[in-house]
Each structure stands twice: as C-alpha cells, then as structure tokens.
Amino acid sequence: MATEEQDWKIEQQRVDDVTAKINRKMSVLEQEVGESRGDVVGMRKDFWDEVSINFSEQDDVGETSTSLRQQSQVLSELELSHRRSSLTLDKLRRLSSSPYFGRIDFREQGQEQTERIYLGIGSFLDDNEEDFLIYDWRAPVSSLYYDGAPGHATYRTPVGSIEGEMELKRQFVIRDAEIKVLFDTGVTIGDELLQQVLSHSADNQMKNIVATIQKEQNNVIRNDKSRMLIVQGAAGSGKTSAALQRVAYLLYRYRDSLRADQMVLFSPNSMFNSYVSTVLPELGEENMLQTTFQAYLEIRIGREFDLEDVFSQMEYLLAWSDDDGHPARVKGIRYKSSLDYFRAIRRYAELLLQDGMKFRSVRFQGHEIVSSQQMQEKFYSYDPAVKLGNRMELMRDWLLKEVNEFGRRERKEPWVEEQIQMLTTDDYHRAYTMMRRKQKNKTVSFDDFQLETEMAARMVVNNWLKPLRKWVKRLRFIDLGGLYRRLFEDAEWFQRINNGALPDGWEEFAPQTVNRIRQGELGYEDATPYLYLKEQLQGFRSNTAIKHIIVDEVQDYSPFQLEFMKRLFPRARMTALGDLNQAIYSHNSVFDEEEPLMELYGREQTELIRLTRSYRSTYEIVDFTRAMLPGGEQIIPFNRRGHKPVVALYDDREDMHQEIVRNIHELQQQGYQYTAIICKTESECTQAYEALKDQITMRKMTKNTPVFEKGTIIIPAYLAKGVEFDAVILYNASADQYHREAERKLFYTACTRAMHLLYAYSVGEVTPFISNVDAQLYEQNDYRG
C-alpha cells in the first residue's frame with residue numbers, strides 16, 4: 001500500500017540524520033586512514049634502517065633474524081589495521097549514499113515496546129556506540145525481512161529462537177541520500193522493488209542483491225549446517241548471486257574463525273571471475289580466492305604436457321563428424337569422467353605396489369647412474385607394508401645418495417679439470433669459502449694446491465649435478481607418462497584394474513589417447529585422471545587451509561573431478577551451484593540428475609535447495625525458452641513483461657548480416673549498452689566478426705578475454721554462461737547449425753542470457769529447438785524469397 005506523505009517526510013528526515021552521522025564518522029576515519037597509511041609507508045621506507053645487521057658472528061646473525069621478525073610483525077599488524085580501516089571507510093561511503101533498504105517494526109514476545117529495525121549492507125551505531133541506527137543485513141534479526149510478513153514471526157539466533165509480532169515491513173530505494181521509492185508490503189520482498197531493479201540495464205559487474213533477496217535465496221545464504229549444499233537453480237534464478245551473498249554471510253557469521261582467503265570460488269572462466277569480483281567488496285568484505293579448475297590443472301601438470309582446455313574440447317566436439325573419430329572420443333570422455341575410472345586408477349596404484357612400476361633411468365651426460373631396472377629392484381625390495389608414497393620418499397633418498405657417490409667419483413674426470421680452468425675469481429673465492437667451512441678451526445692456506453683443486457672440483461661437480469638432484473627431489477624419476485599410457489596400450493593391464501573387463505569403446509579411444517600422449521599432449525578428459533595417478537604415486541597434495549569451496553556450474557564437472565576436489569580440500573565444506581538444463585558439456589558429465597552429487601559427501605551431510613523462479617529475463621523470454629526443455633514447465637517466470645522473442649528467416653548470410661547491423665544500431669539508439677551476438681563456436685565468431693566489423697563497433701570475446709566490458713560483443717555460446725545482456729542476437733539459429741539433441745542445452749543457455757530482448761536469426765529453416773515451440777510464444781518474420 002502507498003504510504004502517507006507525512007511518513008515520507010519523517011523517513012527522509014531520518015535518512016538526513018543518519019547520513020550526517022555517517023559523514024562525521026567518515027571524516028574522522030579518513031584522517032585515521034591517512035595517518036595509518038603514512039605510518040605504513042614510512043615504516044616500509046625505513047624498514048632496514050631499524051634493523052642492525054651483522055653477519056660476522058653466529059650470535060649476531062641470530063640477533064639480526066630476531067630483529068627482522070619483530071619489525072616484520074609490527075609492519076604486518078600496521079598493514080592489517082590499515083586494510084581493515086580502509087574497508088570500513090569504503091562501507092561507510094556506500095552507506096552515505098544509500099544507508100539502508102528496509103525497515104521492520106518488531107515487538108518481541110513479552111515486551112511492550114516495538115523496535116524499529118533498519119537494514120543496510122553494514123551495521124552502523126549511534127555516536128555513543130550503543131544503539132544500532134542500521135543493522136547489517138546478515139544479522140539474525142534481519143532474516144525477518146527476507147522470510148517473514150507482518151504478523152506473528154520468528155527468527156533464529158545462536159542462542160535460540162526469538163518470537164514476536166512484526167507490525168510493519170517497509171522497503172526503500174535510496175540514492176544520494178534521497179528516498180526515491182518507499183512502500184509498505186505484506187509479503188517477503190515486494191514485486192514493486194524487484195520490478196524496478198530487474199528493469200535496469202545489464203552491467204559489466206554483478207551487483208549485490210541484498211535489497212531484493214527472496215525467501216528461497218535467503219535459505220541458500222544462511223544455510224550453515226550442511227557439509228554439502230547443492231543449489232539446483234533455473235537460468236536467471238540468482239543462484240550465483242545468492243552464493244556470493246552466502247560467502248559474505250559466512251564471513252560475518254564466523255568472523256572469528258573464517259577469513260576470505262580460506263574460501264575459494266571455482267568459476268567457469270576468467271571473464272566470469274572479473275564479472276563477480278566486485279560483489280564482496282560492495283558488501284564490505286575482502287574477495288575470496290577465485291580460480292578455474294583449468295588454471296589448477298595448468299599449475300600442476302602444465303609443464304609436463306600441452307594441456308587441452310575444456311573450451312578447446314568443446315570446439316572439437318561441436319565440429320561433429322561421424323567419420324573422423326568423434327564418436328570414439330566421446331566414448332572415451334564419458335568413461336574417463338566416471339567414478340568407475342576413478343576407482344580403476346586407485347586400484348592401479350594399489351597394484352603397482354606389487355608389480356609393474358615404471359622408472360626413468362637416472363643419467364648424467366650420457367652416463368647411466370642408476371638404471372630403470374635397478375630402480376625397480378630397489379622399489380620392490382622394500383617391506384610390502386610400506387605405502388606407495390613412503391616408498392617413493394625412500395627411493396628419492398636412495399637415488400640422491402647414488403648421485404652424490406657418482407659425483408665424488410666424477411671429480412677426477414678430465415671434463416672437471418677443463419671446467420676448473422674456466423673458473424672466475426669469484427668462483428675461486430667461493431671455493432676458498434668452502435675450504436674454510438670444511439676445515440673449520442684448522443689453518444688453511446690457499447697455497448695448498450691439492451685442497452684448492454679438490455674444493456674447486458667439488459664445486460664444479462655440485463653445480464653441474466644440481467639440476468639432476470632437483471629432478472630427483474621432484475620425483476621425476478617416476479615414468480608417469482609411461483604408466484598412464486600403458487592403460488591404453490595394454491588391454492591386459494586395463495582388465496587387471498577393471499575387474500577383468502574393458503570399458504565400452506576402449507579399442508576405439510585407446511589408440512587416440514596413446515597417440516596424443518606420445519605427441520606430448522593430454523586431452524582435457526585425461527588431465528584429472530593423470531593428476532590423480534600422479535598424486536597417488538608422489539603423495540597427495542591436500543589443502544587443509546581452505547574451509548569452504550564454491551563450485552559454480554557444477555553440472556559441467558565430471559564425477560571424477562568432484563571426487564578429486566573433495567580429496568584436494570579434505571576439511572572444506574562445499575556449495576555446488578548448477579542447472580542441469582545448462583549442462584552444455586554434457587559429453588563431459590554423467591550428471592543427468594542430482595544423485596551423484598548427493599552421494600559425494602553422503603546424504604546425511606547434504607542438503608538440496610531448488611530455485612525454480614527465473615528473474616533475469618522478461619516473462620516472454622522465459623516462457624519461450626522453457627518451452628524448449630522437457631520439464632520446462634517447472635521453471636516459473638517472474639512477471640516482468642516485455643517483447644516476445646523475434647525469429648527471422650533469411651535466404652543467405654548477407655541478408656542476415658544486414659539485419660544484424662540494422663538491429664545493433666537500433667539497440668544502441670534505444671540506449672541498450674550490453675548486447676551480445678552469440679555464435680555456436682569460436683570459429684563461427686571469427687567468421688561473423690570479419691563479416692560485421694566494418695559496420696559495427698564490437699569486440700570479439702575468447703577464452704583468454706580477462707574482463708567483461710560494455711558495448712556490443714560477439715561470443716561463443718559456451719563462454720556466455722553465467723553472464724547476462726540487455727539484448728541477445730543468436731547468430732544463425734538454423735536447423736543446419738543446431739540439430740543434434742546434444743546441442744539443445746547449449747542453445748537454451750545462449751537464449752537465457754537475454755534480459756530484455758531476444759532475436760534468433762536463421763539462414764534457412766530454423767532449428768527444431770524453436771520450430772517445435774508453440775508459435776504463439778514468439779514473433780516470426782520470414783524474409784526468404
């Protein structure tokens with residue numbers, strides 16, 4: 001209902017009073033931040049002046065080390081204090097413009113006085129630091145605003161539930177300290193506010209949603225019991241936004257035991273990382289760690305192989321052909337993504353304790369120091385009870401001793417004498433220092449030619465053997481490539497680890513795998529299994545510091561990858577966000593339902609929340625896109641009206657290009673700032689870009705594009721996942737281009753990127769994903785002759 005004019009004036013007066021207090025606090029804090037910045041800069045500048053350095057005696061070295069630690073600790077504390085003050089100041093600046101977005105009047109059961117509670121992105125106390133002028137949206141009482149309606153209400157606190165009566169719920173839109181919208185509502189979050197927010201243009205950065213969090217999203221945000229939280233949400237349901245607010249909530253709720261750098265987000269691509277990077281800072285929190293699974297693979301095994309990434313794999317599979325190895329590759333991808341293969345690799349590692357270990361000979365300048373056969377004999381001479389990782393450590397220590405012994409013998413070889421003759425004065429000085437250390441208190445004279453030569457020879461050999469020692473320490477003597485390749489070269493070996501059977505299509509995809517490995521390449525589907533085998537043999541590198549991981553677009557991860565991730569972060573809770581209808585890498589995943597995810601940590605530790613309402617797109621776009629999907633009627637469109645999607649048919653590409661150019665210019669004139677031309681593949685993007693670049697100002701996005709920017713872009717469908725645009729133009733949505741059932745979800749994903757306007761242009765007959773939709777759900781224009 002509309003509020004009276006008097007209420008508006010009273011509320012505006014309160015905004016004025018609160019912002020005045022905020023501004024006074026900001027002035028004080030700005031001075032403190034400036035002073036602390038000066039302290040930090042001054043201490044960094046004078047850091048070494050405060051430390052007395054003396055390396056002449058051992059005691060002095062200890063004193064120097066202690067002094068360095070003390071100074072470093074003081075500097076670290078100053079920097080931490082400055083960073084916290086800066087974050088507080090940033091939050092106050094945002095509060096100054098928009099201090100709060102909601103108000104609830106709540107009378108606790110048994111109390112006579114009603115408390116007025118104003119909610120904003122952060123808390124703010126009065127001048128006496130006693131009463132809350134603004135409550136943080138994450139405070140326990142704030143859940144009333146998101147979950148309750150006027151009447152009897154309850155909210156949970158760490159010490160129990162509080163019951164009472166909610167007498168009023170009021171919503172605001174405040175900009176530059178001026179109330180723009182004010183209304184009372186009898187529901188959770190009123191449609192009026194959502195309508196206004198959702199009708200705005202897209203942006204190059206995701207925004208926080210604290211003012212419009214819906215009840216089901218609030219359940220996601222405040223869930224802090226489950227080890228595994230699965231959020232299955234329709235396109236545009238706000239699952240990623242809710243997950244990021246969830247991070248902010250957890251940092252608030254567990255601020256004494258959880259830091260932002262103990263949480264990590266695995267996102268679809270680096271552009272998406274840029275897109276969501278401002279959400280947490282907007283809420284006054286530091287950003288969590290952000291990465292992609294591909295980036296992790298590159299760090300771990302990128303030096304050993306030329307790694308294929310998921311986007312290159314996608315390009316390969318979208319260029320489908322029945323006679324060039326695609327069907328065999330898909331069979332391999334499906335098997336290598338499965339838990340069956342995960343268990344087979346584990347059995348393989350266990351079997352290697354008894355038989356079949358492969359090693360690389362340890363060589364130096366053509367000399368075989370230790371042969372692979374000797375290494376095998378040594379490996380299997382250890383007690384069978386010694387675990388695989390421990391055996392490798394024993395092997396490493398033994399090989400280092402063998403290398404050292406070889407080095408001692410090598411010092412008298414002619415090549416060493418040749419290298420000694422080439423030593424510089426500095427090299428001789430280091431040799432002299434080595435002699436002093438060796439002789440300790442004995443008198444040493446550099447006239448001692450024999451000792452001088454011995455030290456110089458030792459130095460030369462040690463320098464030359466240093467890379468080999470490093471190679472051994474890194475356990476590179478294990479022939480990992482050979483061990484993994486054998487699984488696809490030797491059917492008998494595979495049967496030994498797979499209960500006597502070969503997976504479907506092994507005879508077809510095995511040669512493909514072997515050929516790529518021999519060429520120094522590793523397919524995306526092989527990267528995680530190879531890394532898992534490596535971890536089994538070299539020792540698993542678990543990260544116990546991470547306490548929470550968020551996996552976005554979880555439907556595009558294989559069971560193998562998720563099981564690996566679970567082992568990688570053994571102490572972490574997981575929030576998994578996904579939409580089975582957007583499983584565009586369906587060839588890479590066996591997730592046809594949530595069942596495998598439910599079993600990852602066990603049902604007793606897992607909770608599933610479904611988000612079925614779509615907020616991103618207009619009612620007409622959602623109504624159109626959900627009709628493409630089996631079971632799409634379960635998706636509920638938000639009632640924000642707009643234009644029907646437009647489907648246009650052309651005889652040739654030239655006609656289609658002319659319409660795209662006209663359409664882009666028209667959208668620009670209408671003020672739309674974010675328009676995407678979405679193609680099926682990157683290669684099609686390149687063709688379209690070359691055809692249109694002289695008539696339209698636009699940017700081509702690739703997997704290496706780091707940021708999402710304003711303007712018109714051309715982008716492959718699989719890269720557009722997770723982001724949104726004012727208008728989307730589907731480039732050549734024809735039956736020739738999109739006809740395989742495996743491409744249905746890719747096409748649906750591309751369509752659901754549109755917030756306000758959707759156009760599908762086709763050369764010839766349109767894709768059956770559209771033609772099978774009720775024609776009343778879209779506007780069709782046929783420009784064919």
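Legend: residues meeting ring-ring contact (aromatic ring centres under 6.0 Å, His included) with Tyr341, ordered by chain and number and at least two apart, are Tyr335, Phe560. By the ring-ring contact (aromatic ring centres under 6.0 Å, His included) test, Tyr601 pairs with no residue at all, sequence neighbours left out. Residues satisfying the side chain to side chain donor-acceptor pair (under 3.5 Å) test with Asn732, not counting sequence neighbours, are Ser734. For Asn287, the side chain to side chain donor-acceptor pair (under 3.5 Å) test picks out no residue, with sequence neighbours left out. Every residue two or more places apart in sequence or in another chain that forms a salt bridge (Lys or Arg N to Asp or Glu O under 4.0 Å) with Asp340 is listed here: Arg343. In this structure Glu682 satisfies the side chain to side chain donor-acceptor pair (under 3.5 Å) test with no other residue, sequence neighbours excluded. Arg740 meets the salt bridge (Lys or Arg N to Asp or Glu O under 4.0 Å) test with Glu743; sequence neighbours excluded. Trp320 is linked by a ring-ring contact (aromatic ring centres under 6.0 Å, His included) to His326, counting only residues two or more places apart in sequence or in another chain.
Of the possible polar contacts, one joining the Arg753 side chain to the Val723 backbone as a donor-acceptor pair under 3.5 Å is found. Of the possible polar contacts, one joining the Thr767 side chain to the Tyr738 backbone as a donor-acceptor pair under 3.5 Å is found. Put simply, the side chain of Arg391 gets close to the backbone of Leu353: a donor and an acceptor are under 3.5 Å apart. A donor-acceptor contact shorter than 3.5 Å is absent between the side chain of Glu304 and the backbone of Ile301. Although no hydrogens or angles enter the test, the distance criterion places no donor-acceptor pair under 3.5 Å between the side chain of Tyr249 and the main chain of Asn218. Lys239 places a side-chain N or O within 3.5 Å of a backbone atom of Gly233 that can act as its donor or acceptor partner. Side-chain atoms of Arg246 come within 3.5 Å of backbone atoms of Val220 as a donor-acceptor pair (strictly under, hydrogens ignored). Using modelled atom types, no side-chain atom of Thr681 and backbone atom of Glu315 make a donor-acceptor pair closer than 3.5 Å. Under the 3.5 Å distance criterion, the side-chain polar atoms of Arg255 are matched with a main-chain donor or acceptor of Tyr252. Checking side-chain atoms of Asp526 against main-chain N and O of Leu522 turns up no donor-acceptor pair under 3.5 Å.
The salt bridge (charged side-chain N to carboxylate O under 4.0 Å, His left out) pairs that include a residue from residues 503-519 are Glu308-Arg516, Lys331-Glu508, Glu489-Arg518, Arg516-Glu521, where partners are two or more places apart or lie in different chains. Under the salt bridge (charged side-chain N to carboxylate O under 4.0 Å, His left out) criterion, the residue pairs touching residues 218-230 are Asp224-Arg253, with sequence neighbours excluded. For residues 537-549, every residue pair satisfying the side-chain hydrogen bond (donor to acceptor under 3.5 Å, both in side chains) rule, not counting sequence neighbours, is listed here: His548-Thr575. Among pairs with a residue in residues 570-580, none fulfils salt bridge (charged side-chain N to carboxylate O under 4.0 Å, His left out), at least two apart in sequence or across chains.
Counting only heavy atoms from C-beta outward, the side chains of Val310 and Phe293 never approach each other to under 4.5 Å. Leu289 has its side chain within reach of Ile546: a pair of non-hydrogen atoms, C-beta onward, lies under 4.5 Å apart. In this structure, the side chains of Leu562 and Lys566 stay at 4.5 Å or more apart for every pair of heavy atoms. Here the side chains of Glu298 and Gln294 are in contact, with some heavy-atom distance below 4.5 Å. You'll find the side chain of Leu480 stays beyond 4.5 Å of the side chain of Tyr484, heavy atoms only. At a threshold of 4.5 Å between non-hydrogen side-chain atoms, the residues Leu317 and Ile333 count as touching. Side-chain atoms of Gln536 and Leu352, non-hydrogen and from C-beta on, never get closer than 4.5 Å to each other. The shortest side-chain heavy-atom distance between Lys710 and Tyr674 falls under the 4.5 Å cut-off.
The two atoms that bring Phe747 and Ala733 nearest to each other are CE1-CB, 3.7 Å, heavy atoms only. Summarising the geometry of Ala501 relative to Asn498, their closest heavy-atom pair is O-ND2, 2.9 Å, with the distance given to 0.1 Å. Val622 and Ser617 make their closest contact through CG2-CB, 3.7 Å (heavy atoms, listed as atom of the first residue, atom of the second, distance).
Residue Arg474 places its CZ atom among 12 or fewer non-hydrogen atoms of other residues, nucleotides or ligands, all under 6.0 Å distant. Heavy-atom neighbours of Arg303 CZ from other residues, nucleotides or ligands within 6.0 Å: at or below the threshold of 12. No more than 12 heavy atoms of other residues, nucleotides or ligands sit less than 6.0 Å from atom CD of Gln634.
A salt bridge is absent between Glu286 and Arg259: the closest approach of a Lys/Arg side-chain nitrogen to an acidic carboxylate oxygen does not fall below 4.0 angstrom. Using a 4.0 Å cut-off between a side-chain N of Lys or Arg and a carboxylate O of Asp or Glu, Glu216 and Arg613 do not qualify as a salt bridge.
Distance check: Tyr689 OH to Ile677 CD1 gives 11.0 Å after rounding to the nearest 0.5 Å. Interatomic distance, SG of Cys679 versus CD1 of Ile714, reported as 4.0 Å (0.5 Å rounding). Distance check: Leu608 CG to Gln232 CD gives 7.5 Å after rounding to the nearest 0.5 Å. One finds the CD1 atom of Ile345 at 5.5 Å from the CD1 atom of Ile497 (value rounded to the nearest 0.5 Å). From His739, atom NE2 reaches atom CZ of Phe769 across 8.5 Å, with rounding to the nearest 0.5 Å. The CG atom of Asp309 sits 10.0 Å away from atom CG of Leu297, with the distance rounded to the nearest 0.5 Å.
If you run side chain to side chain donor-acceptor pair (under 3.5 Å) between Lys721 and each of Asn269, Thr752, Thr749, Asp556, only Asp556 comes through. Considering Phe540, Tyr530, Phe342, Phe266 in turn, Phe540 is the only one that fulfils the ring-ring contact (aromatic ring centres under 6.0 Å, His included) rule with Phe564.
A donor atom on one side chain and an acceptor atom on the other are found under 3.5 Å apart for Ser312 and Lys703. For the residue pair Arg567/Tyr532, the side-chain donor-acceptor check at 3.5 Å is satisfied. With no hydrogens or angles considered, a side-chain donor-acceptor pair links Gln313 and Glu525 at under 3.5 Å. Of the N and O atoms on the side chains of Gln217 and Gln245, not one donor lies less than 3.5 Å from an acceptor on the other residue. Side chains of Glu553 and Gln555: a donor-acceptor N/O pair is present below 3.5 angstrom, by distance only.
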May I have the step-by-step check of salt bridge (charged side-chain N to carboxylate O under 4.0 Å, His left out) for Glu285 and Arg138, ending in yes or no?
-> CA-CA 12 Å; Glu285 299 290 352; Arg138 298 166 290 187; 2.7 Å; yes

Give the intermediate values and the outcome of side chain to side chain contact (heavy atoms under 4.5 Å, CB included) for residues Tyr348 and Phe494.
-> CA-CA 9 Å; Tyr348 187 31; Phe494 206 108; over 6 Å; no

